[in-house]
Colleague: 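This is the structure, below, for whatever I ask next.
Please read these numbers as outputs of a predicted model, since none were measured by experiment. Letters go in sequence order (proteins before strands), and every chain restarts at 1.
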Amino acid sequence: MRLNPSQQHAVEFVTGPCLVLAGAGSGKTRVITNKIAHLIRQCGYQARHIAAVTFTNKAAREMKARVAQTLGRKETRGLLIATFHTLGLEVIKREYAALGMKANFSLFDDQDQAALLNELTETWLEGDKTQLQQLTSTISNWKNDLMDPLQAAASAQSERDKLFAHCYGLYHDHLRACNVLDFDDLILLPTLLFKRNEEVRERWQNRLRYLLVDEYQDTNTSQYELIKLLVGARARFTVVGDDDQSIYSWRGARPQNLVLLSQDFPQLEVIKLEQNYRSSGRILKAANILIANNPHVFEKKLFSELGYGSELKVITANNEDHEAERVVGELIAHHFINKTQYSDYAILYRGNHQSRLFEKMLMQNRIPYRISGGTSFFSRPEIKDLLAYLRVLTNADDDSAFLRIVNTPKREIGPATLQKLGEWANVRNKSLFTASFDLGLEAHLSGRGLSSLQRFTHWMRDIAQQAEREPVAAVRDLIHGLDYESWLYETSTSPKAAEMRMKNVNQLFSWMTEMLAGSDLDEPMTLTQVVTRFTLRDMMERGENEEELDQVQLMTLHASKGLEFPYVYLVGMEEGLLPHQSSIDEDNVDEERRLAYVGITRAQRELIFTLCKERRQYGELMRPEPSRFLLELPQDDLQWETARKVVSAQERMQKGQSHLANLRAQLAQARDKE
DNA sequence: ATGCTATAGCTTTTT
DNA sequence: GCTATAGCAT
């Protein structure tokens, strides 16, 4: 398929700063990949002088794959396609000396961060969860606004902010002492470095001569600052974004950066992509009319040349059980009649808790489904344990990792021993692990504690040495030497759970082995690199087959951004849920409207809304109003459908069950015939 | 250790 | 109202 005129223009405009306003489904990834190809083939750019930046590893992977389709291996050599955080990491890895870091730093994920802050603030906050969360986000905001602890303290007005700034200082010092960085540092440090150090900045500006940024509306202040510093006065860049799909402002994203861009770069070329290749005309019309209720800096109106499509259904259920029943019943019938794949359907909701009933109903009806979200693989305790071991191996200063694993599995190293080790390490100004080798330690620690501790640390040192020569064998020996499997069976609630967790460990090990060995696509990595990549949740070729399975997709509206499905159920269209009550209270309904907009524009062919007349919330029976967003939609294109009569819960259950049973039987029959 | 009861907390979560 | 977890009692 050829590019349309706007897409073509977006690809070919390379002489200055360029903003592409890409509506949902308007082919922005095509534009980015084609533009990379154009830069290399027509404009004489070498691949190694181009960088494309995304927000998620998934997006980066997809873009790499798309570029590989268009360009040959040779042409893409050195091309940098990465997330903001990976790009920052690359900079830090090369410039660690200028930043005053040691080479083998390790990374904190948000859990490590939360654990440390909890520990540091015990005397003031006493583990108060909401306070801790506020502290975490305050520190993150300070970092995103490029403020160090001193500046934060200076700017603090209230007592609370002064305390928070003090905690920020403690936190910051602790990270530096342990040679550890958190996620925000990956953006903050390069940005500060480029700001202060002209020589380094020019070197990187020379290395990255053309910059492309995806999902630009999601950038925060420090990310935008980093972009500006990287492109310099030359201002050769393309950013692609859609202010109507900005749904992460609660996480620091500044859609305002779209406006700032036209102020900071007056010569900015603004190109709108308004043709949608995804949805039927009716779905698009509904989306346009809904989002027109939001204020806009850049007006844009999507159109589609696909058919107008069928009416958008609105199903009103009696309560949330009934809602799940209706959706799953509808889905089974539709699947049966239209001979579709289960993976053609998505059920989208505002909050994770809404998935439960749909999950239950799908399970009862033996429909394969997949829920995205939930606890990530890398948040599981067994994985975090193992990564903590590897962090100690690669960064002897990482006290957090050391504390996590020093007595896991149990090896009789108790709090008393660690307390004394901590005091000694403080005196010597060393990390816990390195201090454990000091001869002077024997004056403070004795007996069982000392011998268990040293048995452990000496063993770890041996493994660390081995890891330098043969990392794969070292990790294997580590897992065996720990007898981690037995530990899992001892501590898990059931043998089955232990089995699952060991499977995860083995999965991690096999990924790690691949990454250490390298492949034809990827260079071999060092152990440090592997650990870092895992913390960034960025591994190559994840379980490929997972996405090919034929399963109904369940996910939050946030998680659905960037995806598309032929048939979409947008459930819980009620005031209080979508828009969410807290957003109504905070007068932030516009972002909720964008969330609804994102949901609607996921649908290709058919879109079904559902809502309940009654819903239990926190134990209380509510009678929610239909979402204002439903009322904002063009009513001529909606087909409201209400349950014909109100029946008792008992009857409804029986009727619903027998209806589903009936459909199942038909389905089975049809299968048998084939 | 293990299992029960009381209690809190309930929006989204790219890295 | 439900579920996860902490802390207590067995």
Side-chain angles (χ1 to χ4, degrees), chain A residues 53-62 82-89 107-114 127-130 133 136-137 140 143-144 181-188 213-220 222-223 226 241 245-253 319-321 348-357 360 372-376 378-379 410 490-494 532-539 555-563 572 574 576-586 588-589 591-592 594-596 598-599 614-622:
Chain A
V53 186
T54 64
F55 274 84
T56 65
N57 294 307
K58 200 174 151 210
R61 266 200 304 275
E62 272 171 23
T83 63
F84 266 104
H85 291 85
T86 309
L87 172 64
L89 179 69
L107 278 188
F108 256 25
D109 68 14
D110 36 13
Q111 282 180 51
D112 301 319
Q113 184 185 35
D128 182 326
K129 254 185 129 182
T130 39
Q133 222 170 344
T136 313
S137 74
S140 186
K143 288 193 167 196
N144 287 336
L181 300 177
D182 67 14
F183 285 145
D184 293 325
D185 287 331
L186 294 180
I187 314 295
L188 173 68
V213 182
D214 191 20
E215 304 282 12
Y216 176 75
Q217 76 284 349
D218 289 340
T219 50
N220 62 33
S222 61
Q223 285 161 341
L226 184 61
Q245 292 188 70
S246 159
I247 53 175
Y248 283 107
S249 68
W250 51 276
R251 256 198 121 179
N319 56 41
E320 61 263 48
D321 292 299
L348 307 181
Y349 36 78
R350 176 66 235 259
N352 275 314
H353 63 279
Q354 287 171 266
S355 70
R356 254 193 46 242
L357 291 169
K360 196 172 127 199
S372 14
T375 25
S376 139
F378 293 95
S379 306
K410 296 256 179 296
E490 277 166 37
T491 51
S492 299
T493 41
S494 70
T532 316
R533 293 293 274 274
F534 277 137
T535 314
L536 288 173
R537 324 253 150 118
D538 178 17
M539 64 283 198
M555 67 189 79
T556 63
L557 287 163
H558 284 91
S560 76
K561 195 169 94 166
L563 305 175
E574 296 148 35
L577 252 186
L578 183 67
H580 196 271
Q581 189 58 47
S582 45
S583 295
I584 299 174
D585 296 341
E586 286 162 35
N588 193 18
V589 177
E591 180 142 322
E592 299 285 312
R594 292 194 287 271
L595 212 41
V598 166
E614 282 180 350
R615 184 183 291 274
R616 258 177 212 297
Q617 230 168 1
Y618 310 142
E620 245 177 322
L621 199 62
M622 313 274 290

Colleague: Quick test of your reading of the model: are Asp321(A) and Arg616(A) salt-bridged, counting only N-O distances below 4.0 Å?
Modeller: no
Colleague: What does Ser583(A) touch in the nucleic acid at a heavy-atom separation under 4.0 angstrom: a base, only the sugar-phosphate, or nothing?
Modeller: base
Colleague: Check the distance between dT3(C)'s C1' and Lys360(A)'s NZ and give it to me in whole angstrom.
Modeller: 14 Å
Colleague: Check the geometry between His558(A) and dT12(B) and answer yes if their rings are stacked (centres below 5.5 Å, planes below 30°), otherwise no.
Modeller: no
Colleague: Taking ring-ring contact (aromatic ring centres under 6.0 Å, His included) as the definition, give me every residue that meets it alongside Phe84(A), ordered by chain and number, with sequence neighbours left out.
Modeller: Phe55(A)
Colleague: Using a cut-off of strictly less than 4.0 Å, decide whether Asn352(A) has a side-chain nitrogen or oxygen near OP1 or OP2 of dT13(B).
Modeller: yes
Colleague: Ignoring hydrogens and geometry, is there a side-chain-to-backbone donor-acceptor pair from His558(A) to Ile247(A) under 3.5 Å?
Modeller: yes
Colleague: Could you tell me whether Phe84(A) contacts a base, only the sugar-phosphate backbone, or nothing, with contacts defined as non-hydrogen atoms closer than 4.0 Å?
Modeller: nothing
Colleague: Can you tell me the distance, in whole Å, between the CE atom of Met555(A) and the C1' atom of dT12(B)?
Modeller: 15 Å
Colleague: Do the side chains of Glu574(A) and Arg615(A) get close enough for a salt bridge, i.e. N-O under 4.0 angstrom?
Modeller: yes
Colleague: Send over the distance from Leu557(A) CG to dT14(B) P, rounded to a whole Å.
Modeller: 15 Å
Colleague: Answer yes or no: does a side-chain N or O of Thr556(A) lie under 4.0 Å from OP1 or OP2 of dT13(B)?
Modeller: yes
Colleague: Grab the CZ-C1' distance between Arg356(A) and dT3(C) for me, whole Å please.
Modeller: 8 Å
Colleague: Could you work out the separation of dT13(B) and dC2(C) based on their P atoms and round it to a whole Å?
Modeller: 24 Å
Colleague: Between dT15(B), dT11(B), dT12(B), spot the one nearest the side chain of His85(A), thanks.
Modeller: dT15(B)
Colleague: So what does Asp110(A) touch, heavy atoms closer than 4.0 Å: a base, only the sugar-phosphate, or nothing?
Modeller: base
Colleague: May I have the distance from Ile247(A) (atom CD1) to dT14(B) (atom C1'), rounded to whole angstrom?
Modeller: 10 Å
Colleague: Classify the nucleic acid contact of Arg251(A) as base, sugar-phosphate or nothing, counting any heavy atom under 4.0 Å across all strands shown.
Modeller: base
Colleague: Give a yes or no on whether a donor-acceptor pair under 3.5 Å exists between the nucleobase atoms of dT12(B), that is its base, and the side chain of Arg350(A).
Modeller: yes
Colleague: Is Trp250(A) stacked on the base of dT11(B), with ring centres under 5.5 Å apart and planes under 30° apart?
Modeller: no
Colleague: Is the distance from OP1 or OP2 of dT14(B) to the nearest side-chain N or O of Asn57(A) less than 4.0 Å?
Modeller: no
Colleague: Can you tell which of dT15(B), dT13(B), dT11(B) lies closest to the side chain of Glu592(A)?
Modeller: dT11(B)
Colleague: So, does Gln223(A) use its side chain to make a donor-acceptor pair with the main chain of Asn220(A) at under 3.5 Å?
Modeller: yes
Colleague: Given dG1(C), dT13(B), dT15(B), which nucleotide is nearest the side-chain atoms of Phe183(A)?
Modeller: dT15(B)
Colleague: Please name all residues satisfying salt bridge (charged side-chain N to carboxylate O under 4.0 Å, His left out) with Asp112(A), sequence neighbours left out, ordered by chain then number.
Modeller: Lys384(A), Arg391(A)
Colleague: Return the value, rounded to whole Å, for the distance between atom CZ of Arg615(A) and atom C1' of dT11(B).
Modeller: 14 Å
Colleague: If you check the Asp218(A) side chain, which of dT15(B), dT14(B), dT11(B) turns out closest?
Modeller: dT14(B)
Colleague: Can you measure Leu107(A) atom CG to dT15(B) atom C1' for me and round it to whole angstrom units?
Modeller: 10 Å
Colleague: To the nearest angstrom, how far is Met622(A) atom CE from dC10(B) atom C1'?
Modeller: 13 Å
Colleague: C1' atom, dT5(C) versus dT12(B): distance in rounded Å?
Modeller: 23 Å
